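Worksheet: one structure, shown below.
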Amino acid sequence: MKRFFKANKSVLALLGKVFLLIFLSAVIIAAYYYAPLAKGLKEYTRVMYFHVPAAWVTVLAFLISAWYSYLYLKKRDLLMDAYAAAANQLGILYCLVTTVTGAMWAKASWGAYWNWDPRQTSIFILLLIYAAYFSLRSAIENEQDRARLSAVYSLLAFATVPFFIFIIPRIYESLHPDPLINDQAKIKMNIKMLQVFLSSLGGFTVLFLWMFNIKKRIIKLSAYFEEIEEENE
């Protein structure tokens, strides 16, 4: 019976991966052939369907990292530290995607890939902050000391995320499309654009959670084999 459930679980997991692949492929196709173009942006409208979801997942990844950092400080479990580092790795990856796609948007909207607009400046500083997280980890050899300092740094780093993502761009004048900042740059979505946008947002989120789950399983397996090696010694 256990084998039957395990086999079914494996089949469902495989079907889930296939469905995610098909779904994301459909989103990409829909972004190019289904959703209409926004006035003024023309073909660069497509960037929106990947830029905004990537930015959302960046915040989600850093939030999850902060949560596991808190759990480490509470439980002193090195697995929690490893999970926090894994979430930050994915957060950096999505943050880079956000930066690159944002630069593509800037080229179409402002005439240059980089303009030191408040949005671009804040995301650049955020990249530096989280890059320093990994520099800190690589500079400390002792596992517990590294985990403790990394956890504290991760919590402090996440405290800056709402500030740089949501507050700074709203304090200073920006050309970035946002109804709270610049109503003239506001993008009005019709039903087709909204369908593709929300589908992309959901797809990016599920893709991140799937990647994070894989990293967690790898971390668990590595810890398991390390325990076996220590026992054999």
Side-chain angles (χ1 to χ4, degrees), residues 9 12-13 16-17 20 23-24 50-99 101-102 119 122-170 198-227:
K9 187 177 180 181
L12 288 174
K17 295 172 186 176
L20 179 60
F23 182 81
L24 290 175
F50 309 102
H51 173 70
V52 179
W56 148 249
V57 173
T58 297
V59 176
L60 177 62
F62 291 153
L63 172 62
I64 290 175
S65 176
W67 169 249
Y68 279 111
S69 296
Y70 163 75
L71 289 180
Y72 169 77
L73 293 175
K74 183 178 180 180
K75 300 179 179 180
R76 301 296 176 175
D77 185 349
L78 287 174
L79 271 180
M80 301 298 104
D81 170 65
Y83 293 162
N88 273 336
Q89 289 172 357
L90 292 174
I92 284 284
L93 175 63
Y94 276 92
C95 194
L96 286 171
V97 173
T98 304
T99 304
T101 53
R119 289 276 184 176
S122 60
I123 201 71
F124 177 71
I125 295 174
L126 200 61
L127 275 171
L128 294 179
I129 289 173
Y130 276 91
Y133 169 86
F134 294 103
S135 297
L136 173 66
R137 291 184 67 85
S138 63
I140 303 173
E141 294 185 3
N142 183 273
E143 287 186 339
Q144 292 293 346
D145 290 341
R146 179 174 63 239
R148 184 175 66 256
L149 291 174
S150 296
V152 173
Y153 185 93
S154 182
L155 289 171
L156 292 174
F158 183 73
T160 69
V161 172
F163 182 73
F164 284 116
I165 296 294
F166 303 111
I167 299 176
I168 283 290
R170 286 166 171 77
L198 293 178
S199 297
S200 181
L201 194 67
F204 265 64
T205 303
V206 174
L207 177 63
F208 160 72
L209 294 174
W210 175 64
M211 294 169 65
F212 182 56
N213 184 55
I214 289 177
K215 292 184 75 68
K216 286 176 65 177
R217 291 169 65 184
I218 292 173
I219 291 168
K220 284 182 179 179
L221 283 173
S222 298
Y224 173 72
F225 286 123
E226 285 179 4
E227 288 181 3

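None of the values given here were measured: they were computed from a predicted structure.
Looking at T205, its side chain does come within 3.5 Å of a backbone N or O of L201 through a donor-acceptor pair. Judged purely by atom type and a 3.5 angstrom limit, S154 has no side-chain atom pairing as donor or acceptor with the backbone of S150.
Of the inter-residue distances, the one linking F163 atom CZ with I125 atom CD1 reads 9.0 Å to the nearest 0.5 angstrom. Taken to the nearest 0.5 Å, the SG atom of C95 stands 10.0 Å off from the CD1 atom of I129. The distance from the OG1 atom of T58 to the CD1 atom of I123 is 6.0 Å, given to the nearest 0.5 Å. Atom CH2 in W67 sits 11.0 Å away from atom CG in L155 (nearest 0.5 Å). Taken from CD1 in I214 to CD1 in I219, the straight-line distance is 12.0 Å, to the nearest 0.5 Å. In this structure, CG on L71 lies 11.0 Å from OH on Y83, to the nearest 0.5 angstrom.
Between Q89 and Y130, the side chains place no donor N or O within less than 3.5 Å of an acceptor N or O (distance only, hydrogens not considered).
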Handout entry: V161 vs V59, side chain to side chain contact (heavy atoms under 4.5 Å, CB included): CA-CA, chis, key distance, verdict
Key = CA-CA 7 Å; V161 172; V59 176; 4.2 Å; yes

Handout entry: R148 and Y72: CA distance, side-chain angles, deciding distance, side chain to side chain contact (heavy atoms under 4.5 Å, CB included) verdict
Key = CA-CA 8 Å; R148 184 175 66 256; Y72 169 77; 4.2 Å; yes

Handout entry: side chain to side chain contact (heavy atoms under 4.5 Å, CB included) evaluation trace for R137 with D81
Key = CA-CA 11 Å; R137 291 184 67 85; D81 170 65; 2.8 Å; yes

Problem - Derivation and outcome, side chain to side chain contact (heavy atoms under 4.5 Å, CB included), residues F124 and T99 - result: CA-CA 8 Å; F124 177 71; T99 304; over 6 Å; no

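Residues L126 and F62 meet the side-chain proximity criterion, which asks for heavy atoms closer than 4.5 Å. Contact annotation: the side chain of I92 approaches that of F134 to within less than 4.5 Å [non-hydrogen atoms, C-beta and beyond].
Taking the six-membered ring where the residue is Trp, F208 and Y94 present perpendicular rings, their angle passing 60° and hence far from 30°.
Here the closest heavy-atom approach between residue P53 and residue F204 is recorded as CB-CG, 3.7 Å. When all heavy atoms of A86 and F212 are compared, the pair lying nearest together is CB-CE1, 4.2 Å. Minimum interatomic distance between M211 and L90 (heavy atoms only, all atoms of both residues): CE-CD2, 3.5 Å. A pairwise comparison of heavy atoms in I64 and A87 identifies CG2-CB, 4.1 Å as the closest pair. Closest approach of A55 to T98, counting heavy atoms only: N-OG1, 3.1 Å.
Within 6.0 Å of the CD atom in Q144, the count of heavy atoms belonging to other residues, nucleotides or ligands exceeds 12. For Y70, the OH atom sits in a loose shell: 12 or fewer heavy atoms of surrounding residues, nucleotides or ligands are nearer than 6.0 Å.
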